[in-house]
Amino acid sequence: VVVDSSKTGVQLKYHLRNPALDVKAIGLVRDGRGVALSIARNQGTTFPQGARNWRRNNEEAGVIGRRLGSRWMRIKYEALCADPEATLAQLWRFMGVAPRKLDECPASPAHVLGHGSRLNGSAKIHNSEKWRKELSADDLKTFESIAGSLNRALGYQ
């Protein structure tokens with residue numbers, strides 16, 4: 001089992017072209033307001049640009065998901081944080097692998113490339129909602145004008 005946490009569909013396109021792989025794609029979606037804030041911070045860009053990036057990436061994921069049909073599953077970050085065991089049980093079934101309890105998932109043999117988490121070891125799963133305190137009313141209006149309709153379509157109010 002290979003888990004590729006790419007944030008865009010380009011890498012998935014190459015996995016799908018590989019006949020040796022039985023590709024199943026999981027779209028992990030998070031409230032766009034939090035993601036836009038994170039993008040702005042971590043990529044040194046503006047909040048509106050973060051909102052546009054979130055919208056574009058999720059529009060792309062939707063197109064890919066429709067093409068993949070039953071080989072695609074969308075889950076919410078917030079559901080994973082709220083009930084990791086139940087969400088992982090869904091994912092195990094979807095991937096067709098033997099289920100495991102969260103505390104049975106070994107820290108190794110895992111190999112993480114290109115992400116800071118590879119240096120930190122495992123961390124507790126928690127839902128970060130910093131955006132609720134940090135975004136101004138103007139920021140929220142800006143997000144609404146850029147990506148609000150998609151955010152609502154994905155189940156966020």
Side-chain angles (χ1 to χ4, degrees), residues 1-17 21 23-95 102 105 110 112-157:
V1 174
V2 175
V3 177
D4 178 346
S5 63
S6 299
K7 305 292 188 279
T8 63
V10 174
Q11 189 67 35
L12 178 58
K13 178 176 77 171
Y14 292 107
H15 291 319
L16 289 167
R17 289 181 182 172
L21 298 177
V23 176
K24 294 188 179 173
I26 300 161
L28 179 65
V29 66
R30 180 178 170 206
D31 190 309
R33 294 164 287 196
V35 178
L37 179 61
S38 179
I39 290 170
R41 276 197 187 134
N42 296 330
Q43 296 180 11
T45 190
T46 65
F47 179 74
Q49 187 57 49
R52 284 187 285 275
N53 289 356
W54 177 87
R55 185 192 69 215
R56 191 171 36 256
N57 289 341
N58 281 280
E59 287 169 343
E60 179 184 44
V63 169
I64 291 168
R66 286 188 292 280
R67 289 184 184 158
L68 289 176
S70 65
R71 296 187 301 155
W72 164 263
M73 178 183 206
R74 179 174 280 152
I75 62 166
K76 287 186 172 183
Y77 160 86
E78 295 82 1
L80 177 62
C81 293
D83 193 349
E85 293 283 353
T87 305
L88 288 172
Q90 280 184 287
L91 292 173
W92 302 137
R93 283 189 301 275
F94 171 70
M95 292 185 295
L102 192 56
C105 296
V112 180
L113 298 174
H115 190 273
S117 66
R118 74 190 185 283
L119 304 173
N120 303 336
S122 64
K124 187 177 188 291
I125 296 171
H126 71 282
N127 183 8
S128 172
E129 291 194 328
K130 292 178 185 177
W131 66 268
R132 291 187 185 275
K133 292 180 181 177
E134 296 183 21
L135 294 180
S136 69
D138 285 344
D139 290 333
L140 294 172
K141 285 179 189 174
T142 298
F143 181 84
E144 177 60 32
S145 70
I146 295 170
S149 61
L150 179 58
N151 210 41
R152 283 189 302 285
L154 292 170
Y156 297 100
Q157 300 306 318

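Note: hydrogens, waters and symmetry copies are ignored here, and every other heavy atom, side chains too, is used. Not measured: the values here are computed from a predicted model.
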**OP:** Would you check, one step at a time, whether the test side-chain contact (heavy atoms from CB on, under 4.5 Å) holds for V29 with Y156?
**Re:** CA-CA 10 Å; V29 66; Y156 297 100; 4.0 Å; yes
Original post:
CZ of F47 to CG of L140: how many Å apart, nearest 0.5 Å?
Top reply: 6.5 Å
Original post:
Does a donor on one side chain and an acceptor on the other come within less than 3.5 Å for D83 and T87?
Top reply: no
**OP:** Would you list the pairs meeting side-chain hydrogen bond (donor to acceptor under 3.5 Å, both in side chains) in which at least one residue belongs to residues 139-148, sequence neighbours left out?
**Re:** S136-D139, E144-R152
Original post:
Is any side-chain heavy atom of L12 less than 4.5 Å from a side-chain heavy atom of D4?
Top reply: no
Subject >> Criterion side-chain contact (heavy atoms from CB on, under 4.5 Å) on V35 and W131, from CA distance to verdict >> reply: CA-CA 9 Å; V35 178; W131 66 268; over 6 Å; no
Subject >> Distance, nearest 0.5 Å, that separates NE2 of H15 from OG of S6 >> reply: 6.0 Å
Original post:
What is the minimum heavy-atom distance between A36 and A51, and which atoms define it?
Top reply: CB-N, 3.4 Å
**OP:** Check the pair W72, I26 against side-chain contact (heavy atoms from CB on, under 4.5 Å), reporting the backbone distance first and the verdict last.
**Re:** CA-CA 6 Å; W72 164 263; I26 300 161; over 6 Å; no
**OP:** Would you mind reporting whether M73 and Q90 have side-chain heavy atoms less than 4.5 Å apart?
**Re:** yes
Original post:
Distance from L37 atom CG to D31 atom CG, nearest 0.5 Å?
Top reply: 11.0 Å
Original post:
At their closest point, which heavy atom of W54 faces which heavy atom of I39, and how far apart are they?
Top reply: N-CD1, 4.2 Å
Original post:
Looking only at heavy atoms, which two atoms of R55 and A147 are closest? And how far apart?
Top reply: CB-CB, 3.9 Å
Subject >> Approximate separation, where rounding is to 0.5 Å, of L80 CG and H126 NE2 >> reply: 12.0 Å
Subject >> Nearest-0.5 Å distance that lies between atom CG in L154 and atom OG in S149 >> reply: 9.5 Å
Original post:
Stepwise, does the side-chain contact (heavy atoms from CB on, under 4.5 Å) test hold for N151 with F143?
Top reply: CA-CA 9 Å; N151 210 41; F143 181 84; 3.7 Å; yes
**OP:** Output all residues satisfying side-chain contact (heavy atoms from CB on, under 4.5 Å) with N127, sequence neighbours left out; order by chain, then residue number.
**Re:** Y77, E78, C81, E129
Original post:
Any side-chain heavy atom of R67 within less than 4.5 Å of one from I64?
Top reply: no
Subject >> Salt-bridge contact E60-R56 (side-chain N to carboxylate O under 4.0 Å) >> reply: no
Original post:
Under the side-chain contact (heavy atoms from CB on, under 4.5 Å) test, which residues partner R71, sequence neighbours left out?
Top reply: L16, L68
